[in-house]
Every structure is written in C-alpha cells, then in structure tokens.
Amino acid sequence: ALKLKPDYPEAKENFYRVANWLVERWHFLMLNDRRRNHKYQQAIQKAVEGGCNTVLDIGTGTGILGMCAKKAGAAEVYACELSKTMYELACEVVTANGMNGRIKILHMKSLEMEVPKDIPKRVSLVVTETVDAGLFGEGIIESLIHAWNHLLLPPQSTQDPSRPPSQAGRVIPAGATVFGMAVQCLEIRRLTTAAAGELHSPVSCSSEDDSTEPYTTERLSRLPGGYTPLTEPFNALDIDFNNVQELEGLCSREVSRVRLPVTGEGLLDALAVWFQLHLDQQSSLSTGPKEDTCWEQAIYPIQTPHNFPLRPGDELIVEISCRDAYLRLCSVAVARDGREFRLDDCLDPDIPRNNPGPSGNPNPSLNAEAELCSALACLGTEQSSGPRDYTMLECAEMALLNNQPYHDSFRRALAKLITNLKDARSIQGPSKGQGLEVMPLTDPPSGPMDPGPDPFYVLDVSEGFSVLSLMAASQGQVKAYSSVEKTQHQAVLRRLAMANGVPEEALEFWLNQVEDEQAVLQRPSREKLWSAIILDCVETCGLVRQKLMEKATLARCLLEDGGQIFPERIVLYGMLVESDTLLLESAVQGQEPTLGFNIAPFINQFTVPVHVFLDLSTLQCRHLSDSVELFILDLMNTNANYTNRDVMVQASASGRVTAVPFWYQIHLNEEISVSTFNQDSHWKQAAVVLHQPLAVREGDWVRLAVTLYILLDECISIT
Ligand SMILES: CCc1ccncc1CNCCCCSC[C@H]1O[C@@H](n2ccc3c(N)ncnc32)[C@H](O)[C@@H]1O
C-alpha cells in the first residue's frame with residue numbers, strides 16, 4: 001500500500017499518517033548522526049579485527065550495524081528486527097549493498113531466538129542500540145540477559161584468559177553510565193502540573209503504578225524558556241552489559257539514595273536523566289543536554305508546591321531503583337537545617353508556609369482555573385484514603401488545562417452568545433416557564449417547581465480531552481453536553497465541575513446518551529436545537545482535524561436561530577524558513593552520514609512532507625519571509641471555501657528554503673480569536689518540509705499553492 005501513493009489529497013493525508021506511524025522519526029535522526037554511526041563502526045571493526053568473527057545485531061533497523069560487522073570481515077553475521085516494516089527494509093538495504101546472503105536477517109524479537117533453531121551456534125559479539133531516552137525503555141536489559149543465556153558464548157573470564165576472543169562473548173555497547181540533574185523548568189511545569197500546581201502530573205512519581213513509563217522525554221536544549229540546573233549532574237547508575245550477573249541483579253537491586261547539594265535557587269520541577277553509552281573501553285556516545293546530539297533526555301516530573309523553592313545549602317535526596325526494568329527516580333525529599341521534608345506530601349502543616357512563592361506574594365491568588373485545579377486536588381486527597389490517586393492526564397492534556405487564555409477566550413465568546421440569545425428570546429416574548437406569569441402569593445406552588453427559563457443547550461464534540469463544556473456549564477442557565485468519552489477524562493471534568501460549584505445536572509456526557517458513536521451530532525431532544533456546538537478543529541500535533549468541514553456542515557443544521565458553532569473561522573498562517581534540523585528529522589541526507597552505505601533511498605520512502613509536533617518557538621531556523629496568511633476556513637459557510645489557493649510570498653533574506661512551518665488563528669467570533677502558536681498554547685505546530693531545498697535571493701517571490709489538507713509540498717512550485 002505504501003508504494004501505491006495515490007494522488008488525491010485525502011489518500012495522501014492518510015499515507016502520511018501511516019508512514020509516520022510505521023517508521024519512527026528517530027530512524028532519520030539516528031542515521032543522519034554520522035558521529036554516532038562512525039563510533040559504532042570503529043568499535044565493531046576493532047572487535048571483529050580482535051577476533052569476534054560471529055556477530056548478532058539485535059534490533060537491526062535498517063541493517064547498518066550488521067553491515068559494519070560484515071564489512072569489517074566477520075565470518076558470520078546475523079540480525080533480528082521485530083518491526084515487519086523495518087525487517088523488510090533491512091532486507092532491501094542489505095541486498096542493495098551487495099551483502100544479500102552474507103547477512104542472515106530474521107523477522108523476530110531476540111527473546112524468541114534459539115540456538116540452533118535460528119542461529120547455528122552461539123556468537124562471539126552482540127551489537128545493539130535498543131535504547132530510548134530513559135536507556136531501558138526498549139528492553140535492552142531483558143534482551144541482553146536472554147542473549148547471555150542463549151545466544152552468546154560465555155564471556156572472557158579471568159580464570160582461563162587463554163580462550164581466544166573468537167571463543168568468548170561480548171556486547172557492544174559494553175555498558176552505560178546514567179546521569180541525573182535536578183532542574184527548574186517552566187515548560188515542564190506547564191506540561192506536568194496544573195496551574196495550581198496540585199493537580200497530579202501525567203506521569204506519577206509514585207512507584208505504585210507500574211503500567212506507564214515513569215518518565216516523559218524532552219530535548220532540554222530546545223525547551224521554550226530553557227531550564228535552570230538546581231544541582232550538578234550526578235551519577236545515578238553504572239551498568240556493565242558484559243556482566244550477566246549484574247544485569248540479572250539490576251531489577252532486584254535495593255533502592256539507592258543519593259544526597260545532592262543544591263547549587264541553584266528555584267522550584268524543583270523535574271529530574272532530567274541521560275546517559276553515556278560506552279561502546280567499548282575507548283569510545284562512548286552521550287545523550288546529555290549539553291551535547292549537540294539529536295537525542296532527548298528522560299524527564300521525571302516532580303510535584304512540589306509553589307511555595308517551597310530549593311536554595312543553595314539544601315540537600316536533595318533522590319531514590320533510584322530499577323523496578324520492572326524501568327529506571328525509576330522518585331519520592332524525593334529535601335534536607336534543610338537538619339530537618340528532612342518529604343516533597344511528595346509537602347502539604348503537611350509543618351512546612352514553613354510563610355516563605356513567599358517564586359512570584360513573591362505568599363499566596364498567589366489562584367485564578368479561576370487554578371481554583372478548579374486546587375479544588376480538584378483537595379477533592380482527590382479527601383476521596384482517597386491511601387496514596388493520593390493520580391489523575392492520569394497526558395502532557396498535552398495538562399497543557400490544555402493550563403491554557404488559561406484559551407479557556408478565558410472561550411468563556412467570553414460563549415457569554416457573548418448567551419447574552420445575544422437571551423436578548424433574542426426576550427424580544428420574541430416569554431416562552432414556556434419564562435417566569436412572567438404572576439406567582440400565587442399564597443403557599444409555594446404545590447405543583448412541580450417552576451422549571452425556570454429554558455436552558456441554552458451547548459454541545460462540545462471535541463474528540464480529545466476538553467474542558468470547554470465546563471466553561472459553558474459554568475455560565476448558568478446553560479445545559480452543557482460533552483462528548484468526552486474516556487473515563488478518567490470524565491472523572492476530571494466531574495471533579496472540576498463539583499469543585500467549581502457547577503451543578504451536577506448542568507453537565508452531562510453526550511456519548512452516554514446516544515446509541516452509537518455516529519450520532520454524536522444530533523438534536524439535544526426532539527423539539528430542541530443547540531444554542532452552540534463546539535468543534536475542536538486543530539489536533540495537538542498541529543494539523544487540521546480530518547473531516548472538519550463535514551462536521552461543521554452537519555453541526556450548522558442542528559443550531560437554533562442565532563445559534564453558533566465555535567470556532568466560526570480558522571486562518572492558516574505560514575512562513576518560509578531555512579532549517580537543517582527539520583531536514584535531519586525528515587530524511588537521510590545522502591550516503592555520507594551512513595558510512596557510505598546506500599541506505600537513504602530505502603528509508604526515505606517513509607519521509608513525510610508534513611512534520612508535526614514541532615515547537616516552532618525553539619526550532620533552530622532562519623526566517624526567510626514574514627508570516628503570511630495562507631488559507632481561510634470558514635466554518636459557518638463551508639461552500640465559501642476554496643480547496644486550493646495560490647499565495648505569493650516574498651523572500652526577506654537570501655538562503656535555502658527547506659520548510660514552510662504553519663499554525664492557525666482560531667476565530668471564535670468577530671472580536672475573539674486564539675492562536676495555536678504562542679507560549680500558552682497546548683498545540684504544537686506543523687511544517688511542510690520540501691523535497692529539495694529551494695535557493696532564494698532576498699526579494700524573490702515564491703508561489704505557494706496551498707490545499708485544504710495542508711499538504712503544501714506537492715503543490716509548492718516556485719516562480
Ligand atoms: C543514542 C541512542 C539513543 C538515545 C536516546 N534516544 C534514542 C536513541 C537512538 N536509539 C533509538 C533506537 C530505539 C529503537 S531500537 C532499534 C530497533 O530495534 C528494534 N528492537 C528493539 C528491541 C528488539 C529486540 N529485542 N529484538 C529485535 N528487535 C528489537 C526496534 O523495532 C527498532 O526498529
């Protein structure tokens with residue numbers, strides 16, 4: 001199917017989403033990282049020339065490390081790859097480089113491999129780079145324990161050093177050193193703690209729940225606003241991959257505690273973790289924040305109340321464990337003036353609360369959103385007797401909760417609409433229960449209480465997590481329905497509603513009412529229509545949501561007179577940039593970075609022209625034009641929309657255009673709009689990466705042809 005690549009836009013859109021999913025973007029980064037490739041090649045060559053002549057490449061990906069071993073002269077080379085797509089790709093690459101039949105590639109996980117079923121006999125060298133930002137996330141520990149027990153010759157032992165290297169087993173990388181560092185970082189705080197700093201983070205630091213990875217990943221050197229180190233980097237763990245006893249003992253190793261002198265002033269937001277891969281005794285690869293490598297660091301968020309900044313002289317106590325093969329850093333505490341405060345239950349009374357928060361005022365007045373979140377937090381603690389239950393929100397969802405300008409804009413736009421509709425109703429005269437008829441002055445009416453004025457029905461059909469139905473319900477006289485369907489999302493909304501005094505009956509979950517998913521958009525009840533329908537138009541990845549126009553058209557038919565859909569219009573903006581970073585993340589740049597092996601054409605089949613989840617505010621790039629309006633989507637009048645449009649952009653500087661980043665201005669009504677490109681935005685941005693960089697001189701005009709599916713690249717032709 002990937003080879004089909006039909007031409008019509010929607011199919012292309014789907015092709016690009018599939019390609020993004022089949023092949024992870026870090027394959028491009030890794031293969032373009034010539035220093036990394038060169039270091040692996042050197043280590044492999046040295047080992048093979050030193051006598052390791054039977055090699056197994058675990059997690060071969062495109063096959064590059066196996067080909068290094070073959071080229072270095074290894075007699076037998078085997079490779080295994082668990083991803084079908086990568087396995088097929090590795091077969092093509094090995095053939096294209098004349099090594100077909102000389103490297104045996106298996107489509108399987110190394111844990112399933114056996115001697116002699118899969119490889120004739122044990123090998124003398126295993127090479128692998130099955131590591132993620134938290135080192136253990138790709139299962140390297142389990143893979144190596146299995147390899148030592150079933151696939152590798154016994155290691156060189158001091159007893160009989162006479163055994164030649166070809167009869168002894170070893171691993172490249174030989175080991176790893178894991179480093180950690182405490183940091184203050186506003187961006188991490190925005191992604192992991194709610195405004196009041198008490199709603200629980202998306203990744204719980206408690207070791208209780210083993211289900212999710214205990215860390216997220218970020219590239220510290222690229223985070224908006226940067227970070228402040230609060231301690232020196234510390235050595236969290238050393239692991240020797242050539243010592244199977246050590247590997248087997250890792251998970252049962254007792255929790256270790258390190259005491260770190262605090263060297264900087266600030267709020268503890270997270271522990272950042274990275275590592276050095278020791279390929280052999282001489283060379284190593286580092287994924288540290290100071291390196292200019294392309295790798296991200298592992299981030300362990302820490303929930304600390306806003307009124308407890310660390311300061312030099314404190315000691316930070318960190319516990320390190322390797323429970324179930326994930327590296328876990330957590331349940332930190334602070335030693336100050338000889339006393340120890342556990343941070344995770346820092347809310348207990350004896351913490352000095354008089355010290356002002358970072359903003360200086362002792363109790364920053366929590367705004368509406370923060371009220372919600374802090375109320376939620378204490379609700380959380382009240383309800384659960386045991387360890388505080390964690391509200392599992394993804395980082396993007398937490399950022400959405402923290403995007404106060406977005407919520408305020410919605411609240412204002414909704415309030416304006418409700419006011420208009422109230423005026424309209426009062427002009428049309430009293431409808432049922434408008435309350436104008438004279439109430440009997442005697443005892444209260446015996447019949448059912450006057451139902452009060454008809455409520456305004458608002459439906460939020462957002463596909464992900466959304467609190468906009470809550471914004472509507474808190475307006476009063478509004479009956480809001482939310483199509484949020486995940487239980488933990490509904491739980492968060494219910495608790496926020498309760499915490500914010502929104503009556504239970506003002507917010508309902510629509511999907512629990514309709515018989516099937518398709519009926520998400522339908523009348524609230526037989527004779528009623530919606531006063532407002534809220535659509536979420538832009539995915540957090542930065543692309544317009546698919547089938548948005550169809551949804552808008554249907555939604556408009558379900559509105560009462562004067563009703564409105566939100567937003568009514570979105571305007572797409574973009575600019576011309578020169579960015580090598582985007583090139584390195586989107587395609588392998590020729591043969592040179594991949595040690596001269598012909599790999600690029602094969603992996604680049606999975607290049608997608610639209611790059612998503614970008615942080616445009618920190619992307620290394622040169623602007624080669626101003627921002628220009630590329631496209632307008634009118635949701636209140638869909639046939640006013642064109643499907644493509646030519647836009648002329650003037651180059652404001654000479655350079656090579658490599659990409660066209662884009663973002664949106666979301667118009668809720670005539671005066672109120674929200675941008676998806678600002679520091680509060682929970683949205684990331686997207687960019688089209690050109691197949692071929694385009695050289696422009698200052699003043700040149702570039703013609704961009706833009707289609708609704710934002711797949712600008714095919715249509716970009718330059719005059
Ligand atoms: C400086 C390294 C670095 C630091 C921080 N962040 C990223 C990196 C770069 N490394 C990323 C590799 C990560 C993916 S691993 C590469 C390929 O191996 C496959 N696999 C994984 C385990 C496994 C197994 N047991 N048996 C067979 N196949 C296996 C995966 O299917 C994938 O295609």
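Just follow the structure's listing: the first ligand is 1, and inside any ligand the first atom is 1.
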Backbone of Arg163 reached by a side-chain donor or acceptor of Gln156 within 3.5 Å: yes
Shortest protein heavy-atom distance from atom 18 (O) of ligand 1, along with the residue and atom involved: Gly59 CA, 3.1 Å
Nearest non-hydrogen protein atom, atom 23 (C) of ligand 1: Leu82 CD2, 3.5 Å
Note, Phe241 side chain near Arg170 side chain (heavy atom, < 4.5 Å): no
Identity and distance of the protein heavy atom lying nearest atom 22 (C) of ligand 1: Thr130 CG2, 3.5 Å
contact_flag Glu142 ligand 1 heavy-atom lt 4.0 Å: no
For ligand 1, the portion of Tyr87 having any non-hydrogen atom under 4.0 Å away: neither
Proximity to ligand 1 by part of Ser110, non-hydrogen separation under 4.0 Å: both
Winner among Thr128, Leu277, Leu111, Thr287 once heavy atoms are compared against atom 4 (C) of ligand 1: Thr287
Sub-4.0 Å atoms of ligand 1 with respect to non-hydrogen atoms of Met108: 27 (C)
Ring center gap for Tyr326 and Phe136 short of 6.0 angstrom: no
Atom 11 (C) of ligand 1 - nearest protein heavy atom and its distance: Val131 O, 3.4 Å
Contact atoms of ligand 1, heavy-atom distance to Lys109 under 4.0 Å: 24 (C), 25 (N), 26 (N), 27 (C)
Asp132 and ligand 1 - part of the residue with a heavy-atom distance under 4.0 Å: backbone
Residue pair Ile599, Gln591: steps toward the side chain to side chain contact (heavy atoms under 4.5 Å, CB included) verdict: CA-CA 7 Å; Ile599 294 179; Gln591 286 195 195; over 6 Å; no
Sub-4.5 Å side-chain heavy-atom contact between Gln685 and Phe662: no
Ligand-side contact atoms (ligand 1) for residue partner Ala133, heavy atom cut-off under 4.0 Å: 5 (C), 6 (N)
Nearest non-hydrogen protein atom, atom 1 (C) of ligand 1: Trp295 NE1, 3.3 Å
Closest heavy-atom pair and its distance - Ala396, Thr540: CB-CG2, 4.0 Å
Heavy-atom side-chain contact between Tyr78 and Ile103 under 4.5 Å: no
Proximity flag Gly139 to ligand 1, non-hydrogen atoms under 4.0 Å: no
Per-residue contact class, Glu81 against ligand 1 - non-hydrogen pairs under 4.0 Å: both
Between Asn53 and Ser166, a side-chain donor and acceptor under 3.5 Å: no
Main-chain N/O of Asp132 paired with Trp26 side-chain donor or acceptor, under 3.5 Å: no
Residue and atom name of the nearest protein heavy atom (relative to atom 10 (N) of ligand 1), distance in Å to one decimal: Glu129 OE1, 3.0 Å
Subset of ligand 1 atoms that lie under 4.0 Å from at least one heavy atom of Ser143: 25 (N)
Worked verdict on Lys46 versus Asp280 for side chain to side chain contact (heavy atoms under 4.5 Å, CB included): CA-CA 9 Å; Lys46 207 176 293 177; Asp280 56 23; 4.0 Å; yes
Closest approach of Asn37 to Ile64 (non-hydrogen atoms, all atoms of both residues): CG-CD1, 4.2 Å
Atoms in ligand 1 flagged as close to Phe275, the criterion being non-hydrogen separation under 4.0 Å: 4 (C)
